[in-house]
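Here the structure comes first, spelled out in structure tokens, and everything after it is commentary.
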Amino acid sequence: MDSFLKKRQIEEAVNSNEINSQRKRLKVATNEKIDAAVLKWFQKMRAANVSIKEPLIYGKARNFAVMLGKECFKASNGWLMRFRDRHGITF
């Protein structure tokens with residue numbers, strides 16, 4: 001893929017709020033469905049002014065993984081760090 005197409009992909013992802021605008025590379029999650037479900041839940045909770053701690057995010061990620069048939073998914077510290085980086089989330 002040439003650099004122009006990559007740039008277009010990144011611009012489209014930023015415009016649709018799929019990734020943080022500070023990112024320079026388009027790197028998607030390994031488990032995209034789990035990532036999308038957790039992000040949607042997280043955004044709903046933030047909109048409702050619910051305080052969200054890291055253990056709650058781990059638990060929700062595991063719940064979504066089980067619902068999606070990915071029992072081997074591990075919501076690790078590394079996963080959470082990458083999730084936060086992908087979506088520009090700060091606590």
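Everything numeric in this text was worked out from a predicted model, so none of it was measured. Computed from heavy atoms alone, side chains included, the values below leave out hydrogens, waters and symmetry copies.
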Is the closest side-chain heavy-atom distance between R84 and E54 below 4.5 Å?
yes
V38 and F83: which non-hydrogen atoms are nearest, and at how many Å?
CG1-CZ, 3.6 Å
Side chains of I57 and W41 in contact at under 4.5 Å (non-hydrogen atoms)
yes
Roughly how far apart are K60 NZ and M67 CE, rounded to 0.5 Å?
6.5 Å
What about M45 and L56, same hydrophobic cluster or not, with Ile/Leu/Val/Met/Phe/Trp/Tyr joined at side-chain heavy-atom distances under 4.5 Å?
yes
Y58-N77 side chain donor-acceptor pair, cut-off 3.5 Å
yes
Answer yes or no: is there a side-chain heavy-atom contact under 4.5 Å between F42 and V50?
no
Could you measure the distance from the OG1 atom of T90 to the CG atom of D85? Nearest 0.5 Å is fine.
11.0 Å
Give the cluster check for W79 versus I52: same hydrophobic cluster or not, with ILVMFWY residues linked at side-chain heavy-atom distances below 4.5 Å.
yes
Going by an N to O cut-off under 4.0 Å, is there a salt bridge joining R62 and E71?
no
Flag side-chain contact, heavy atom, 4.5 Å: D35 against H87
yes
Point-to-point distance, once rounded to the nearest 0.5 Å, from NZ of K74 to CG of N31
13.0 Å
Side chain to side chain contact (heavy atoms under 4.5 Å, CB included) with A65: which residues, sequence neighbours excluded?
I34, K70, F73
